[in-house]
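Position 1 is the first residue of the sequence; numbering continues from there.
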Amino acid sequence: MTPTEGPSPERSDTGHGPQPAAEGQVADEAGATGAASEGSDPGGGTSAEADAPGGGRRGDTVAAVVRQWQAVHPGLDTGPMEIIGRINRCAALLQQAEDAPLRRAGLSRPEFDLLGALRRTGHELTPGELAKETFSSGAAVTKRLKQLTERGLVERRGDTRDRRVVHLRLTDAGRDLVDGILPVQLAYETAVLSGLGGSEQGELASLLGELLSQLEGRLGVLRA
């Protein structure tokens, strides 16, 4: 996860990337892998065998769930579950660990989303623009901005032509905070991905990019 975003509804974006569920919560894939996500070992270890469905290097929580579904419905195509379930499970585990630097700074992930958006865009944004940048609701953005403003991390400027419009920007303290946390986040992500070789990381990034591009273009159609 790098400091980029892709459209998804009401997700939490640390300036990193799309998250698969609203307000920092990761949704299980159609409820199919819910048992795997609750109370599981963060290392992903289960009694699943090494030759579990999905061709993973070792068994994981999703592989165990897939085996159970295949036992109940032998003819069921579990291919989508093996991909989406693993994406959701990885996202949940990564988010739990990545939140640690933010907690030490006294920030929630959604709050850092707003700070990160103001930092990476490099210019003032209105609350509405911030909502679009972080894929959050207007009400949620308003609440977070109040807290960040009270902490002296964000400052407001009224529009000279329209009193109803407010422009937001980082204070020096807000900018320093973002710049201090981001390297820690990236160092953590580098460590997490160290188990994959450079070519594997490149292939995974390419495949995820292709999937994200398709979802961004087709998600509305799929939901209809």
Side-chain angles (χ1 to χ4, degrees), residues 1-27 87-88 90-193 205 208-209 212 215-216 219:
M1 295 180 293
T2 56
T4 56
E5 288 83 34
S8 68
E10 187 63 7
R11 56 104 168 144
S12 184
D13 156 38
T14 68
H16 281 302
Q19 308 270 338
E23 294 296 311
Q25 296 297 318
V26 178
I87 290 175
N88 284 340
C90 286
L93 292 171
L94 289 170
Q95 182 174 318
Q96 290 170 13
E98 279 189 313
D99 280 348
L102 303 184
R103 288 195 298 271
R104 288 194 293 270
L107 290 172
S108 68
R109 176 173 292 268
E111 288 172 340
F112 188 67
D113 294 348
L114 298 181
L115 298 177
L118 288 170
R119 183 68 175 108
R120 60 181 168 73
T121 56
H123 56 77
E124 295 180 344
L125 296 173
T126 65
E129 290 169 338
L130 269 175
K132 291 179 180 178
E133 286 288 338
T134 59
F135 306 97
S136 303
S137 70
V141 166
T142 298
K143 179 180 179 180
R144 294 165 194 156
L145 284 174
K146 182 177 183 296
Q147 297 167 339
L148 294 172
T149 301
E150 290 174 349
R151 289 186 58 181
L153 301 175
V154 174
E155 59 185 7
R156 302 166 178 263
R157 179 182 66 82
D159 191 279
T160 56
R161 293 175 297 181
D162 188 341
R163 290 185 177 182
R164 297 170 298 179
V165 178
V166 174
H167 300 275
L168 302 150
R169 61 188 174 191
L170 291 178
T171 62
D172 289 341
R175 186 180 301 104
D176 290 344
L177 182 60
V178 173
D179 290 347
I181 292 177
L182 188 57
V184 179
Q185 296 285 90
L186 292 175
Y188 168 80
E189 293 170 359
T190 298
V192 166
L193 295 173
L208 289 174
L212 179 59
L215 290 177
E216 287 175 343
L219 193 56

Between L115 and L148, is the side-chain contact (heavy atoms from CB on, under 4.5 Å) condition met? List the steps. CA-CA 9 Å; L115 298 177; L148 294 172; 4.0 Å; yes

In terms of heavy-atom contacts, V141 and A131 come closest through CG2-CA, 3.8 Å

Looking at every non-hydrogen atom in both residues, tell me the closest pair between L168 and L118 and how far apart they are. O-CD2, 3.6 Å

What is the distance from atom OG of S136 to atom NZ of K143, rounded to the nearest 0.5 Å? 12.5 Å

Any idea which heavy atoms bring T134 and L130 closest together, and the distance? OG1-O, 2.8 Å

Partner set under salt bridge (charged side-chain N to carboxylate O under 4.0 Å, His left out) for R175, not counting sequence neighbours: D172

Would H167 and L125 count as a side-chain contact (heavy atoms from CB on, under 4.5 Å) if you check the C-alpha gap in whole Å, the side-chain angles of each, and the deciding distance to 0.1 Å? CA-CA 5 Å; H167 300 275; L125 296 173; over 6 Å; no

Any chance you could measure R109, atom CZ, to R103, atom CZ, to the nearest 0.5 Å? 9.5 Å

side-chain contact (heavy atoms from CB on, under 4.5 Å) between I87 and L208: does it pass, once the steps are laid out? CA-CA 10 Å; I87 290 175; L208 289 174; 4.2 Å; yes

Do side-chain atoms of E150 reach the backbone of Q147 as a donor and acceptor pair under 3.5 angstrom? no

Smallest heavy-atom separation, E133 atom then A117 atom, equals CB-CB, 4.2 Å

Can you confirm whether I181 sits close enough to L102 that some side-chain heavy atom of one is under 4.5 Å from a side-chain heavy atom of the other? yes

Any chance you could measure R119, atom CZ, to D176, atom CG, to the nearest 0.5 Å? 8.5 Å

Using salt bridge (charged side-chain N to carboxylate O under 4.0 Å, His left out) as the criterion, list what pairs up with E155, not counting sequence neighbours. R169

Nearest 0.5 Å please: distance from the CZ atom of R144 over to the OG atom of S108. 6.5 Å

Would you check, one step at a time, whether the test side-chain contact (heavy atoms from CB on, under 4.5 Å) holds for F112 with L177? CA-CA 10 Å; F112 188 67; L177 182 60; 5.8 Å; no

Only counting residues at least two apart or in another chain, list the ones meeting salt bridge (charged side-chain N to carboxylate O under 4.0 Å, His left out) with R157. E124

Which atom pair, heavy atoms only, marks the closest approach of V178 to G116? CG2-N, 4.4 Å

Between T171 and G152, is there a donor-acceptor pair closer than 3.5 Å when you use the side chain of the first and the backbone of the second? yes

